[in-house]
Amino acid sequence: MVRANGAVSLRELARVVQTSEVTVRRDVRALEAEGLLDRRHGGAVLPGGFTRESGFPQKSHLATAEKTAIADVAASLVEEGEAIVVGAGTTTQELARRLARVPGLTVVTNSLLVAQALAHANRVEVVMTGGTLRGSNYALVGSGAEQSLQGLRVSRAFLSGSGLTAERGLSTSNMLSASVDRALVQAAAEVVVLADHTKLGSDTMFQTVPTDVITRLVTDEPPAHDDRAATELQALADQGVQIAVAGTGAATGPTGGDQVHPGARPRRDMPLPVQRGRMAAGQFRGPGGGMAAETMERTARVADMRRR
């Protein structure tokens, strides 16, 4: 799966191999030790993923439920008659599909996918930047795109990227894309970042939005045992980023997520990390502290994941 998609989330791996995310995390750690993949918060990527960027076909199949939930919450932030900019990405594409229902909206974008999603929205005006087409993500980049954004002012910018940390903010693996994203940020009074949990704590090559410039983060709820993603959310909130957590199941409020205001803590009802080394109920540890049956099962699972 990682070879085919470039990256995969622990949730998707657990669903495919029909086991828990805790078990998958151990198996991924074993594969990383063999040099077959690199672990990332909430998922795994091919080795050398710090500078590697998956193309649109691969990204479009990753964390689809999470992106849908994030887009629902982000769309609820947009008001009738507003002017916004929307950057390139599969999550922003999902957002654009929902913006078609907002009357009097003006959307400035460098993404062909965003423009296509709004092409038949009669009540939405779409303004495309100039620039050179980058085929891997269907985005316009380069000096033409950046110059077309000079002198522009809108209320909000909606952006996604390859990684998000409290230390560096939003980042991406491509220099040209990063440069255009910075220009989009300069045009907006507020910056809203859309990032699913697999990007939390991941740091890529080119910074696009520093943390102190991010007004709001819309993300999904990290898996129960992803304590590093939860820690990253806490650090972002401590730096004043408003955080909205979108549920992938039933909506938790009018917008489908809970909002944390500047300086507040992330959701208190988020599952706390389970202490490492504690046996689950019903787990049997064999003589000498070994777990032979579980080890054999894990070995078979890892072999199966290699084949996938």
Side-chain angles (χ1 to χ4, degrees), residues 70-71 73-100 102-119 121 123-134 137-164 168-195 199 204 206-219 236 239-242 244 262:
I70 289 169
V73 174
S76 71
L77 304 174
V78 180
E79 300 176 358
E80 180 177 339
E82 196 171 2
I84 63 174
V85 294
V86 180
T90 51
T91 310
T92 51
Q93 180 189 27
E94 285 296 325
L95 168 63
R97 289 171 176 153
R98 288 150 181 79
L99 296 180
V102 181
L105 183 65
T106 299
V107 177
V108 180
T109 184
N110 69 319
S111 170
L112 299 187
L113 298 174
V114 168
Q116 183 184 40
L118 294 168
R123 297 180 293 177
V124 178
E125 181 179 0
V126 180
V127 179
M128 293 288 297
T129 68
T132 303
L133 177 63
R134 184 167 180 254
N137 64 345
Y138 299 94
L140 297 173
V141 297
S143 60
E146 295 170 41
Q147 290 171 9
S148 65
L149 293 166
Q150 292 180 0
L152 180 71
R153 194 62 174 170
V154 298
S155 57
R156 292 187 182 92
F158 291 86
L159 299 174
S160 60
S162 302
L164 177 65
R168 290 187 69 220
L170 190 66
S171 61
T172 187
S173 302
N174 182 265
M175 181 173 62
L176 294 174
S177 295
S179 187
V180 175
D181 282 352
R182 293 188 199 108
L184 292 171
V185 168
Q186 290 296 318
E190 296 182 359
V191 178
V192 181
V193 170
L194 313 182
K199 298 176 182 178
T204 52
F206 301 98
Q207 183 193 55
T208 56
V209 189
T211 304
D212 60 359
V213 177
I214 300 173
T215 307
R216 188 190 306 261
L217 165 65
V218 184
T219 186
L236 288 163
Q239 294 194 42
V241 177
Q242 300 177 40

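For this chain, numbers begin at 1 and follow the sequence in order. Excluded from the calculations below are hydrogen atoms, water molecules and symmetry mates; all remaining heavy atoms, backbone and side chain alike, are included.
- Checking side-chain atoms of T92 against main-chain N and O of G87 turns up a donor-acceptor pair under 3.5 Å.
- With rounding to the nearest 0.5 Å, the separation of CG in N174 from CZ in R134 is 3.5 Å.
- In this structure, K199 NZ and L194 CG are separated by 8.5 Å, a value rounded to the nearest 0.5 Å.
- Between L113 atom CG and T90 atom OG1 the span is 9.0 Å, to the nearest 0.5 Å.
- One N or O on the side chain of T208 and one on the backbone of L170 form a donor-acceptor pair closer than 3.5 Å.
- Interatomic distance, L159 CG to S177 OG, rounded to the nearest 0.5 Å: 11.5 Å.
- Listed for the R98 side chain is no donor-acceptor partner under 3.5 Å among the backbone atoms of S76.
- A donor-acceptor pair under 3.5 Å is formed between the side chain of N110 and the backbone N or O of L140.
- R156 places a side-chain N or O within donor-acceptor distance of the main-chain N or O of L77, the cut-off being under 3.5 Å.
- No donor-acceptor pair under 3.5 Å is formed between the side chain of R216 and the backbone N or O of A74.
- Atom CD1 of I84 and atom OG1 of T106 lie 9.0 Å apart (nearest 0.5 Å).
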Can you give me every donor-acceptor pair (side chain of residues 123-131, partner residue at least two apart or in another chain, under 3.5 Å) with its distance?
{"unit_1": "R123", "atom_1": "NH2", "unit_2": "R101", "atom_2": "O", "d": "3.4"}

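- Residue pairs meeting the side chain to side chain donor-acceptor pair (under 3.5 Å) criterion with at least one member in residues 143-153, sequence neighbours excluded: E146-S179.
- One N or O on the side chain of T215 and one on the backbone of V191 form a donor-acceptor pair closer than 3.5 Å.
- Not a single donor-acceptor pair under 3.5 Å links the side chain of S162 to the backbone N or O of T172.
- Once rounded to the nearest 0.5 Å, the distance linking CG of L236 with CD1 of I214 reads 6.5 Å.
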